[in-house]
Peer 1: 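The following block contains the structure, expressed as structure tokens.
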Amino acid sequence: MQTIISTIQGFAEKYMYWTINPQKVTATDVVEILIITVLFYHVLVWIKDTRAWMLFKGIIVILVFILVAAVFQMNTILWLASKTVNVAVIALAVIFQPELRKALDQLGRKKFVSALFEFGLQQDTGRFSDKTINELVKASFEMGKVKTGALIVVEQDIMLTEYERTGIDLDSILTSQLLINIFEKNTPLHDGAIIVRGDRVVSATCYLPLSDSMSISKELGTRHRAAIGISEVSDSLTIIVSEETGAVSVAKGGKIYRELTQDGLREQLKIIQNAEEKETSRLHSLQRRLRDVKKRHKSAN
């Protein structure tokens, strides 16, 4: 911990020195900044595409708390932090060993020249449309009538890339006919879950983590336990159609809402659709404010 604090103080001293005595920026400095930027960007993308994203946000909160403790000289907290930091690093390496192995494997296969220019080229997932909601509701209750089991994961902010890789890539427009055909008994894709991103089915036959919660009813099977499990590690919404009863349920936030009506399912989908829409509206509002600030700055000059 003392090393971290000393490093921060060293950067602060260098910043003050450069401010007072500006140095000439060389081509080497520019290349160095670009390399660090690219590496930092790819680390953040990797974190965003795994369960490490939630952990990363928690670590930021802890670091801010430790920084506050350092500013106010809370010696007991700083002593505890210094004694646990080494153990925490080892624990993180053990917990995220599968994700780290996948990241290193992808790094070995990546073409570095093309990777340097990937900024902003990733597809925008966007929110799903009202048509997609209608197709999901229609397919769920059509399958429920004939007791066809189904597991449909609707992705939100947390990317489900690691679970998407366990299935078969589809990248197809979501329709009720497609969903019914996928989950038809004795077909190649009926076993496992599908992942929905925006208005598309991106993957089928995906394996989901099973919840180990003791509060889950014993009458619920593996399909329901998997739906609750994925909702515990992400912000996704999962639609479950029971193969035994034909009842339609929804799992989100580690909870399950059983035996929904068509209106109930539509309402649950509308909630997450509106949440994404509100987030987009806030982003557009921020962009408008930035443009207004720029216009005022130009007019003042």
Peer 1: How long is the gap from CG on Leu178 to CG on Leu170, to the nearest 0.5 Å?
Peer 2: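 With rounding to 0.5 Å, CG (Leu178) is 7.0 Å from CG (Leu170).
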
Peer 1: I'd like to check Leu160 versus Val202 (side-chain heavy atoms, cut-off strictly below 4.5 Å). Are they in contact?
Peer 2: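 SC-SC contact between Leu160 and Val202 ruled out.
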
Peer 1: With a 4.5 Å cut-off on side-chain heavy-atom distances among I, L, V, M, F, W and Y, is there a chain of contacts connecting Ile168 to Leu174?
Peer 2: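 Cluster IDs for Ile168 and Leu174 match.
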
Peer 1: Working to the nearest 0.5 angstrom, can you tell me the gap between Ile256 CD1 and Thr238 OG1?
Peer 2: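 So the CD1 of Ile256 and the OG1 of Thr238 are separated by 9.5 Å.
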
Peer 1: Test Tyr163 against every option in Ser234, Pro209, Ser203 by the side chain to side chain contact (heavy atoms under 4.5 Å, CB included) rule and name the one that passes.
Peer 2: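 Only match with Tyr163 under side chain to side chain contact (heavy atoms under 4.5 Å, CB included): Pro209.
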
Peer 1: For Gly198 versus Thr132, what's the shortest heavy-atom pair and its separation?
Peer 2: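 Taking every non-hydrogen atom into account, O-CG2, 4.2 Å.
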
Peer 1: Minimum heavy-atom separation for Ser140 and Ile239, please, with both atom names.
Peer 2: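 Here Ser140 and Ile239 meet closest at OG-CG2, 3.6 Å.
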
Peer 1: If you round to the nearest 0.5 Å, how far is CD of Gln273 from CD of Gln156?
Peer 2: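 The CD atom of Gln273 is 11.0 Å from CD of Gln156, to the nearest 0.5 Å.
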
Peer 1: What pairs of residues pass the side chain to side chain donor-acceptor pair (under 3.5 Å) test when at least one of them lies in residues 185-194, not counting sequence neighbours?
Peer 2: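 Matches after skipping sequence neighbours: none remain.
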
Peer 1: Can you tell me if Ser211 uses its side chain to pair, donor with acceptor, with the backbone of Ile228 under 3.5 Å?
Peer 2: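 Not at all, since once roles are kept as given, no pair shorter than 3.5 Å links the two residues.
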
Peer 1: If you apply the rule salt bridge (Lys or Arg N to Asp or Glu O under 4.0 Å), what do you find for Lys145 with Glu142, and how did you get there?
Peer 2: CA-CA 5 Å; Lys145 288 179 182 178; Glu142 286 293 331; 3.8 Å; yes

Peer 1: Look up atom OG in Ser176 and atom NZ in Lys131, then write down how far apart they are to the nearest 0.5 Å.
Peer 2: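 Here the rounded value is 8.0 Å.
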
Peer 1: Not counting sequence neighbours, which residues clear salt bridge (Lys or Arg N to Asp or Glu O under 4.0 Å) with Asp169? List them please.
Peer 2: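 With neighbours one apart ignored, the set is empty.
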
Peer 1: Starting at CD1 of Ile272, measure out to CD of Glu267 and round the result to the nearest 0.5 Å.
Peer 2: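 Ile272 CD1 to Glu267 CD: 12.5 Å, rounded to 0.5 Å.
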
Peer 1: Taking the side chain as every heavy atom from C-beta outward, state whether Val201 and Ile152 have any pair of such atoms under 4.5 Å apart.
Peer 2: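 A side-chain contact under 4.5 Å is absent here.
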
Peer 1: Between Arg225 (side chain) and Leu210 (backbone), is there a donor-acceptor pair under 3.5 Å?
Peer 2: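 Checking the backbone N and O of Leu210 against the side chain of Arg225, no donor-acceptor pair under 3.5 Å is found.
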
Peer 1: I need the minimum non-hydrogen distance between Ile230 and Ala227, along with the two atoms involved.
Peer 2: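 Between these two residues, the closest heavy atoms are CG2-O, 3.1 Å.
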
Peer 1: Could you tell me if the side chain of Arg266 sits less than 4.5 Å from the side chain of Asn134, heavy atoms only?
Peer 2: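 Side chain of Asn134 against side chain of Arg266, heavy atoms only: contact under 4.5 Å found.
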
Peer 1: Asp157 side chain to Asp235 main-chain N or O, any donor-acceptor pair under 3.5 Å?
Peer 2: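 No, because the side chain of Asp157 does not come within donor-acceptor range (under 3.5 Å) of the backbone of Asp235.
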
Peer 1: Is any side-chain heavy atom of Glu155 closer than 4.5 Å to one of Ser236?
Peer 2: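 Of all side-chain heavy-atom pairs linking Glu155 with Ser236, none is under 4.5 Å.
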
Peer 1: Check the hydrophobic clustering (I, L, V, M, F, W, Y; side-chain heavy atoms under 4.5 Å; chains of links allowed) and say if Phe72 and Ile77 are grouped together.
Peer 2: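 Result: yes, single cluster for both.
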
Peer 1: Do Leu80 and Ile62 land in one hydrophobic cluster if side-chain heavy atoms of ILVMFWY residues count as linked below 4.5 Å?
Peer 2: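 Different hydrophobic clusters.
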
Peer 1: Any idea which heavy atoms bring Phe183 and Gly192 closest together, and the distance?
Peer 2: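 That closest heavy-atom pairing would be CE2-O, 3.7 Å.
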
Peer 1: Run the salt-bridge test on Lys138 and Glu135 with the 4.0 Å N-O cut-off and return the result as yes or no.
Peer 2: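 Here Lys138 does not pair with Glu135 in a salt bridge, since their nearest N and O are not under 4.0 Å apart.
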
Peer 1: Do Val241 and Thr148 make a side-chain contact, defined as non-hydrogen atoms from C-beta onward lying under 4.5 Å apart?
Peer 2: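 The answer is no; the side chains never approach within 4.5 Å.
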
Peer 1: Would you kindly confirm whether Val71 and Met74 end up in one hydrophobic cluster when ILVMFWY residues are joined by side chain heavy atoms under 4.5 Å apart?
Peer 2: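 Val71 clusters together with Met74.
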
Peer 1: Given Leu220, which of Arg223, His224, Lys218 fulfils the side chain to side chain contact (heavy atoms under 4.5 Å, CB included) condition?
Peer 2: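 For Leu220, the side chain to side chain contact (heavy atoms under 4.5 Å, CB included) test succeeds with only one of Arg223, His224, Lys218, which is His224.
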
Peer 1: Can you tell me which residue pairs pass the side chain to side chain donor-acceptor pair (under 3.5 Å) test with a partner in residues 252-263, sequence neighbours excluded?
Peer 2: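 Listed by first then second residue: Glu219-Arg258, Lys252-Gln268.
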
Peer 1: Looking at every non-hydrogen atom in both residues, tell me the closest pair between Ser129 and Asp199 and how far apart they are.
Peer 2: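 Closest pair (atom of Ser129, atom of Asp199, distance): N-OD1, 2.8 Å.
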
Peer 1: Measure the CG-CG distance between Leu189 and Asn181 for me, rounded to the nearest 0.5 Å.
Peer 2: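 Taking CG in Leu189 and CG in Asn181, the distance rounds to 10.0 Å.
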
Peer 1: Might you point out which heavy atoms bring Gly254 and Ser231 nearest each other, and give the distance in Å?
Peer 2: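 Closest approach of Gly254 to Ser231, heavy atoms only: N-OG, 3.0 Å.
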
